[in-house]
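Report on one structure; see the data block that follows.
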Amino acid sequence: MPSGEYDPETVEANWQERWVDEDLYAFPESAVDPDTVFSIDTPPPTVSGSLHWGHVYGSILQDFVARFKRMRGKEVYYPFGYDDNGIASELLTEDELGIKHQDYERREFQKLCREVTSKYEAEFTEKMQRIGTSIDWNQTYQTISPEVQRVSQLSFVDLYEQDRQYRQRAPAIWCPECETAISQVETEDDEQGSHFHDIEFDVVDSEESFVISTTRPELLPACVSVFVHPDDDENQHLVGQEAEIPIFGQQVPILEDERVDLETGTGLVMCCTFGDQTDIEWYQAHDLPLRIAIDESGTMTDVAGEYSGLSSDEAREEIVADLEDEGALLDKRAITHTVNVHERCGTSVEFLVKDQWYIKLLDKREEYLEAGEEMDWYPEKMFTRYKNWIEGLQWDWAISRQRSSGIPFPVWYCGECEHVVVADREDLPVDPLSDDPPVDTCPECGHDEFVAEDDVFDTWATSSLTPLINAGWDWNPETEEMELERDELYPFDMRPQGHDIISFWLFHTVVKCYEHTGEVPFDSVMINGMVLDENREKMSKSVGNIVSPDEVLDKFPVDAARYWAAGSAVGDDLPYQEKGLVAGEKLIRKLWNASKLVESLTEDAPDEFDHDDLKAIDRWLLASLDREIEFVTEKLDNREFSKARDRLRSFFWHTFCDDYLEIAKQRLREADDPSAAYTLQTVHRRFVRLFAPILAHVTEELWHDMYDGESVHAQSWPEPLGLDADVEAGETAMAVVGALRKYKSDAQLSMNASIDEVEVYGTIDGFEGDISGVMHVDSLTSTDEEPPIESVTSGIDLDYSIVGPEYGSKVPDIEAALAQDDYELVGDELHVAGVELGPDAFEVNEERTYSGEGEFVETEGALVIVKNEN
RNA sequence: GGGCUCGUGGUCUAGUGGUUAUGACGCUUCCCUUACAAGGAAGAGAUCGGUGGUUCGACUCCGCCCGAGCCCA
């Protein structure tokens, strides 16, 4: 029985513990009907980092859906993944144990990683449980586990056999500091100081020469062509000729391409293997040869002739000096320009040519776009991000990473003919560096020595498999097919995702799962926005405006945070604001206090009551709640949490507490009133369930205290009762109560002061007693008759939705005539400005005055005359 | 530099062609009415970022500009 003040600190912790202990949210073990399953594929957070407020926000939104769907009769599959595979965990392990991963075999190092991260996993679990989500803690996985490694490698084998992957000598972005290849998304721009060198090039078989400005003279030996912009009239005549490279002497074609930047340098550009991204594009577009002058350690190769063996920095100095000697260096000046750097270490990247594995994307752009279209997007507008990403794709997806730790490619190459040997599925996971290939000799050439692939997968190659991990995707040796152990989960009903990572996490997941199963992995996607600080600015460590979950939850109940999280349209960014949480706290308190009152009033409430015997106001309240239920259900179905929350709060607070409860209280205290008691309890039970997905803890406490001892989260969602009621009379009655409150307020009377006499001109049939009871009216009469007041026509209001389309440009004339009172009312028609408007098109505005005894109050649907001696 | 999203009282937010713009927080005044004063009642407060256009009519649609965020270069 709810009594005293609500104590969220104790109550919330208690329920969180019990929910986990009692496995309340456990997904059924046995196979279930896919039609009644609601499966969620949650993107696993990095556990080596700390749980931040953005995680909390995203998780709460997921939980709203999970709890709502559960009450709607679904078996909800709500798993949790710990992402501990990746550089962050590796660095953490090295730090904590004071080791270097290079000193260990991969498997050993991964084992150490698992040990270190398990501590962080436990911490993460605790924090996730503290926000009261209904995750099924029996359904968890670690991305570093051997099982997930197996899925990753199975994915590779499957895509390889489907010919969706290829290995190609291709440009790779290389970080010389980290000695690893990185993806395009791991680079960022940086302004750096450098020097422009103006170098003179001779045109072959001509007296002519031209000048190129370059920041990278050490790339002269790598030069394969010179480019001119198509709009560059001055240099147009050079196109088609050849240029001779100073010092090195190679002769290269002069070509035209619109990617030449006319603003920088001389408008003529040399293309090398590879100075920047544009060089790579030119290499691909113009089918240019490769001249690799710098290797991956930054050392000059044989291509550089006498400079070979020097570091690229040394080579630059010597080449510049030699150019000067030859008279080819015309000028050298300091500039700042934008370079590509590795986002982790800030080192400017190199472009190398390496053997890399790629997943094909470009050839199926249309299909992947259609896959995106097949999913329901909440909100819809976020689909454009997915669409734009696909339309802008210029590369296939490079999945090779030249790192010594990570999940290895299950591949060996023949030492003789480079034939690719892929591991057997039964043997996965394997590490080619430690394990033998599945064949003794090369099936192609019979050679018996193999070279292990030493690259590892890009972590996204694993992160993009979560639906398959959750659904138990594996090889069935009997049928020789890939199968889903838990077929009923797939495709997943919902995938939550932050809007900042739609382009790679979501996209890559769709692509991979689609290729593996032939099905789009998600029926729907729910996109969450970012959490901003109080000033609507992005949270960042460097600015120091990070909000930590512990800090917030020490101060506020979780339910208050949950109320706050429901406060914005899904997909929109949401500022963290304490007043939002304070508002939540107030609602929790209101719900608690109202429940105490309901409890005290409904001790004798009948479980059953013939709806035909309901009093008007009870019938009215139940019918009004029906409409609210329909609204709230629809909004939650559409992930419009904010609308559901606000409407429910407002109906509960104002209609139920302020209007109905005040009346019911009086009725029940004055006499036995089974109709009121029954209604009060019925409505209250419904409110507790309606609030349950959002205010998960306080509703649970109330349900247990007041009702059947089961969890509110295991109850079914309220269905409308389908009662008929005179809704209009009820609303008029409430408006009359409002008018009487206003009268008392204006007269500075207390709300329980009595009023002698009230006359209501309007329909309030059946509500008279309720009004007089709650407002302490000694004598209340109501009538449908015309009130004893004088009406003066004060103006005409047009209904523009009718007048506008009908009269178009004549509307201003009509308005002008009305403004000058130049019109005539003929019967139910309005004659104005030469047109005749029907009764639907306008409304006569009347000013009412009352000169009789007492005071006249006008309200929605009724006119009220108050006569009071006091 | 490109794409997408957002801009509404002091603050947060609803509203996507119909003229009196929603609600909450805060503010002012009044009211201790036996669930709740962290409550109730009343009230003030917005030319809907700027500008130009389409339309009888624009917060809403279109162009440009400004500001913020995200992604990409």
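Below, read A as the first sequence line, B as the second, and so on, with proteins coming before strands; counting in each chain starts at 1.
- Taking the ring axis of Phe641(A) as reference, the NZ or CZ atom of Lys643(A) does not stay both within 45° of it and closer than 6.0 Å to the ring centre.
- Note: OH (Tyr576(A)) to P (rC25(B)) measures 18 Å, nearest angstrom.
- You'll find that the side chain of Leu661(A) is closest to rA35(B), out of rA41(B), rC56(B), rA35(B).
- Put simply, the side chain of Leu581(A) reaches to within 4.5 Å of the side chain of Tyr576(A), judged on heavy atoms.
- Between Ile694(A) and Arg562(A), the shortest heavy-atom contact is O-NE, 2.8 Å.
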Treat primed atoms plus P, OP1 and OP2 as sugar-phosphate and everything else as base, then score nucleotides 6-12 of chain B 5' to 3': B for base contact with protein heavy atoms under 4.0 Å, S for sugar-phosphate contact only, - for none.
S---BBS

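- rG2(B) and rU13(B) have their P atoms separated by 28 Å, with the value rounded to a whole Å.
- Looking at Lys590(A), its side chain comes within 3.5 Å of the base of rC36(B) through a donor and an acceptor atom.
- OP1 or OP2 of rG43(B) lies within a sub-4.0 Å distance of a side-chain N or O belonging to Lys742(A).
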Are there any protein N/O atoms within less than 3.5 Å of an N/O atom in nucleotides 31-34 of chain B, and if so, which ones and at what distance?
from: rU33(B); atom 1: O4'; to: Asn752(A); atom 2: ND2; distance (Å): 3.1

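- For RNA chain B, each stem of at least three Watson-Crick or G-U pairs (distances under 3.5 Å) is given as range with range: B:1-7 with B:66-72, B:10-12 with B:23-25, B:27-31 with B:39-43, B:49-53 with B:61-65.
- Between Lys586(A) and rG39(B), a side-chain N or O to OP1/OP2 separation shorter than 4.0 Å is present.
- For rA42(B), neither phosphate oxygen OP1 nor OP2 lies less than 4.0 angstrom from any side-chain nitrogen or oxygen of Lys744(A).
- Distance noted for atom P between rG26(B) and rU33(B): 23 Å (whole Å).
- Looking at Glu815(A) and Tyr800(A), their side chains do bring a donor and an acceptor atom within 3.5 Å of each other.
- Taking the six-membered ring where the residue is Trp, the centroids of Trp174(A) and Phe351(A) are separated by 6.0 Å or more.
- Atom C1' of rU16(B) sits at a distance of 15 Å from the matching atom of rC6(B), rounded to the whole Å.
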Given the rule in the ring pair (Phe, Tyr, Trp, His ring centres under 6.0 Å) test, do Phe651(A) and Phe656(A) qualify, once you have shown the distances and angles that lead to the verdict?
CA-CA 6 Å; Phe651(A) 185 78; Phe656(A) 180 67; 8.1 Å; no

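- In this structure, Asp646(A) atom CG and rC25(B) atom C1' are separated by 12 Å, rounded to whole Å.
- The aromatic ring centres of Tyr57(A) and Trp564(A) sit less than 6.0 Å apart.
- Taking the P atoms as reference points, rU5(B) lies 14 Å from rC64(B), given to the whole Å.
- Nearest to the side-chain atoms of Arg385(A) among the listed nucleotides rA35(B), rG69(B), rA14(B) stands rG69(B).
- Taking atom C1' on both nucleotides, rA35(B) is separated from rG57(B) by 50 Å, rounded to a whole Å.
- Using atom P as the reference point in both rU60(B) and rG52(B), the two lie 14 Å apart (nearest Å).
- Between the CD atom of Glu5(A) and the P atom of rG39(B) there is a distance of 12 Å, rounded to whole Å.
- No side-chain donor from either of Tyr6(A) and Asn593(A) sits under 3.5 Å from a side-chain acceptor of the other.
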